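To keep things clear, I will list the structure first and then write my remarks on it.
On a predicted model such as this, the values are computed, not experimentally measured, just so you know. First listed ligand is number 1; within each ligand, the first listed atom is number 1.
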Amino acid sequence: VVGGGRNGAAIANIAQSAGARVALVDKNDWASGTSSKSTKLLHGGIRYLENFEFGLVAESLKERYIQWKNVPHLVKPMQFLIPVYKGQGRPLWMMKLGVWLYDVLSGRYSFGGHQNLSREDMIKLAPGIKQEGLIGGVSYFDAQMDDARLCLENVLMAKSKGADVSNYVEVMEFLKENGRAIGARVKDMTSGKTFDIRAKKIFVAAGPWSDVVRRKDNIKVKPRLRPTKGVHIVYRLNLGDNAFLLQGSDRRVFFAIPFHGNTLIGTTDTDYQGKADEVTVEDKDITYLLEQAKMNFPDVDFSRKDIISTFAGLRPLVYEAGSPSKISRQHAIERNFSGIYYVMGGKYTTYRAMALECVKKIMPEHVHKIKDSALYPLFGSGLSKVDVKAITMHYGVDTDTVAYLMSVYGSRFNDVLSLVIKDSSLKGRICTCSLAIRAQAAYAIQTEMAVAVDDIYERRLGLSYNECQTKECRRTISDMLKY
Ligand SMILES: Cc1cc2nc3c(=O)[nH]c(=O)nc-3n(C[C@H](O)[C@H](O)[C@H](O)COP(=O)(O)OP(=O)(O)OC[C@H]3O[C@@H](n4cnc5c(N)ncnc54)[C@H](O)[C@@H]3O)c2cc1C
């Protein structure tokens with residue numbers, strides 16, 4: 001399996017569970033591509049209803065539920081509010097119909113009921129919202145998740161079942177016999193050494209790099225993707241417990257979501273023609289997001305000084321003509337001449353279903369081993385009731401730390417804490433900007449395959465989303481990596 005974003009990670013996990021012997025490689029860190037740059041929602045995608053993509057929405061709502069049931073420490077239901085204005089954007093009846101349909105499509109996988117809100121209700125729930133022209137709104141439920149960690153848990157689960165998984169290993173070319181792919185020549189990016197991996201079946205889940213990898217397979221192939229760039233900003237602002245789906249001046253919708261004590265604002269959706277490795281946040285992306293946010297929350301400053309962090313990612317969308325935000329989020333699984341399968345497009349939310357579809361293609365006779373589609377336990381799933389007081393006493397850490405570790409690692413929080421028994425200095429905080437302790441960095445290095453500072457700072461611990469005056473966190477992690 002080429003590519004350790006959420007697609008490749010889940011294909012590896014499911015194929016290994018079905019009895020295959022899997023090797024999974026990523027040229028960078030797990031989830032370092034699009035899978036850590038999303039809006040971090042497991043959602044049906046209420047806006048896809050207006051494109052009549054009912055099948056995609058219904059499947060996503062089911063997948064949202066499956067992930068919540070199986071990995072509740074990483075997937076949190078959240079209420080979303082949509083304010084509606086007279087004569088601007090989508091009308092109220094459409095919003096009411098939309099949230100009603102959303103609940104109908106979720107059926108037995110529902111998270112809870114939608115509500116129609118009067119102008120007064122909306123102001124009570126969101127005092128900072130623009131009030132001029134406000135006529136009411138609606139609310140509905142979706143889920144927030146930790147995208148990088150959810151991807152990592154798939155990799156760790158595959159590994160625990162016996163898969164060979166290696167980050168920082170790039171596929172340079174495919175090995176072929178009579179035109180059929182029989183493996184890949186790969187390069188270990190840390191040592192510079194190349195070696196061959198033989199495989200009966202190959203899946204490429206390279207996200208926005210899919211066309212680059214397809215050209216390694218056949219130089220003459222035409223591009224299949226139409227990547228679009230999406231930028232987010234983490235803004236110093238607490239909007240309360242509810243998230244917002246807002247309408248922009250250009251009829252596009254965007255989100256403002258409670259995130260690490262602040263607000264995640266995004267996203268943009270613009271065509272991208274550059275190299276996938278070079279995607280960056282541009283000044284015009286920030287201007288656009290701040291302007292749209294200001295339109296909806298007029299009393300907030302929305303100046304650049306209150307931006308905590310920004311990130312940009314590429315949607316690996318399968319080519320379609322038309323406006324970027326109208327391109328379908330459906331996925332495609334294609335097999336080429338040399339027998340390699342390519343999986344492209346799709347939403348994060350439906351990754352499990354997509355991966356299952358991939359594995360069914362190559363080993364249909366074994367897929368029955370994956371029993372019930374509602375059961376998709378990942379590494380860390382299944383946290384049962386624990387005696388927090390006993391744990392704090394056993395390890396000599398405070399209750400906040402235990403609660404925080406449980407929210408990150410689920411049932412594996414004990415594995416992290418057990419490190420402090422051998423080395424009590426690991427109880428210390430990484431920095432003042434979060435509750436993270438040094439044992440987590442040690443655990444990331446020993447068990448979670450972290451190699452570089454950003455592997456830990458951004459993806460294992462999400463510290464890049466916190467406001468930090470000192471950047472002590474980066475220094476601590478860097479020092480720990482040197483040992
Ligand atoms: C701004 C934005 C917001 C989004 N928000 C949401 C959301 O809220 N909810 C949702 O459901 N979906 C969302 N999505 C969509 C979702 O995030 C993506 O569809 C998904 O993460 C893509 O995963 P992937 O595994 O296909 O690609 P990636 O995560 O990009 O993984 C591809 C991997 O392949 C590796 N690779 C490339 N070339 C090679 C090679 N030669 N050898 C080895 N490895 C290689 C890369 O290093 C990379 O890690 C969003 C997307 C964007 C851009």
- Message: Would V213 count as being in polar contact with ligand 1, using the rule that some N or O on each side must be under 3.5 angstrom apart?
- Response: no
- Among all protein heavy atoms, pick out the one at the shortest distance from atom 29 (O) of ligand 1; state its residue, atom name and that distance to 0.1 Å. S35 OG, 2.5 Å
- Any idea which part of L314 is under 4.0 Å from ligand 1, heavy-atom wise: side chain, backbone, both or neither? backbone
- Within-cut-off N or O pair, T349 and ligand 1, under 3.5 Å: yes
- Query: Is H232 near ligand 1, meaning one of its heavy atoms is under 4.0 Å from it?
  - Reply: yes
- Task: Could you check atom 24 (P) of ligand 1 against the protein and tell me its nearest heavy-atom contact, residue, atom and distance included?
- Result: R6 NE, 3.8 Å
- Item | Between Y109 and Y65, ring centroids under 6.0 Å | yes
- Heavy-atom pair of closest approach, residues S434 and L463: OG-CD2, 3.3 Å
- Task: For atom 43 (C) of ligand 1, grab the closest protein heavy atom and report residue, atom and distance to one decimal in Å.
- Result: K27 N, 3.3 Å
- Query: Looking at atom 17 (O) of ligand 1, what's its closest protein heavy atom, distance included?
  - Reply: S38 CB, 3.5 Å
- Query: Is the number of heavy atoms from other residues, nucleotides or ligands within 6.0 Å of NZ (K216) greater than 12?
  - Reply: yes
- Message: Only heavy atoms of G207, strictly under 4.0 Å: list the atoms of ligand 1 that pass.
- Response: 26 (O), 27 (O), 32 (C)
- Item | Atoms in ligand 1 flagged as close to G313, the criterion being non-hydrogen separation under 4.0 Å | 53 (C)
- Task: Using a strict 4.0 Å threshold on nitrogen-to-oxygen distance, state whether E50 and R90 make a salt bridge.
- Result: yes
- Would you indicate whether K161, at its atom NZ, is surrounded by more than 12 heavy atoms from other residues, nucleotides or ligands within a distance under 6.0 Å? yes
- Query: Where the closest heavy atom to atom 8 (O) of ligand 1 is concerned, which of L41, T34, D29, N7 has it?
  - Reply: L41
- Task: Answer yes or no: is there a donor N or O on one side and an acceptor on the other, between the side chain of Q16 and the main chain of V22, under 3.5 Å?
- Result: yes
- Note on the structure: Here the atoms of ligand 1 under 4.0 Å from any heavy atom belonging to A206 are 32 (C), 34 (O), 37 (C)
- Item | Nearest neighbour in protein (non-hydrogen) for atom 35 (C) of ligand 1 | D26 OD2, 3.2 Å
- Using only heavy-atom distances, determine whether the side chains of D211 and Y342 contain a donor-acceptor pair under 3.5 Å. no
- Query: Salt bridge check: are K37 and D147 linked by an N-O gap of less than 4.0 Å?
  - Reply: no
- Region of A31 engaging ligand 1 - heavy atom pairs below 4.0 Å: neither
- Query: Where does W209 meet ligand 1, judged by heavy-atom distances below 4.0 Å: at the side chain, the backbone, both, or neither?
  - Reply: side chain
- Message: Regarding Y465 and K40, do their side chains bring together a donor and an acceptor under 3.5 Å, going by distance alone?
- Response: yes
- Message: Would K347 count as being in polar contact with ligand 1, using the rule that some N or O on each side must be under 3.5 angstrom apart?
- Response: no
- So which protein heavy atom does atom 2 (C) of ligand 1 come closest to, and at what separation? K37 O, 3.7 Å
- Side chain or backbone of V171 under 4.0 Å from ligand 1, or both, or neither, by non-hydrogen atoms? both
- Query: Hey, are S38 and R315 close enough side-chain-wise for a donor-acceptor pair under 3.5 Å?
  - Reply: no
- Message: Hydrogens and angles aside, do Y443 and R412 bring a side-chain donor and acceptor to less than 3.5 Å of each other?
- Response: yes
- Message: Students should be able to answer this: which protein heavy-atom is nearest to atom 5 (N) of ligand 1, and at what distance?
- Response: T39 N, 3.0 Å
- Task: Check T267 against ligand 1 and report side chain, backbone, both or neither, counting heavy atoms closer than 4.0 Å.
- Result: side chain
- Message: Does only the side chain of K40 get under 4.0 Å from ligand 1, or the backbone, or both, or neither? Count heavy atoms.
- Response: backbone
- Would you check the N or O atoms of G346, main chain and side chain alike, for any that come under 3.5 Å of an N or O of ligand 1? yes
- Tell me yes or no: between the side chains of Y168 and D455, is some donor less than 3.5 Å from an acceptor? yes
- Message: Looking at ligand 1, would V169 count as a contact under a 4.0 Å heavy-atom criterion?
- Response: yes
- Note on the structure: Of all protein heavy atoms, the one nearest atom 12 (N) of ligand 1 is Y348 N, 3.0 Å
- Query: Without hydrogens or angle criteria, can the side chains of R460 and Q440 be said to hold a donor-acceptor pair below 3.5 Å?
  - Reply: no
- Task: Output yes when R474 and D454 qualify as a salt bridge under the 4.0 Å nitrogen-oxygen rule, no when they do not.
- Result: yes
- Under 4.0 Å from one or more heavy atoms of G230, ligand 1 contributes atoms 1 (C)
- Can D142 and Y102 be counted as having a side-chain donor-acceptor contact under 3.5 angstrom? yes
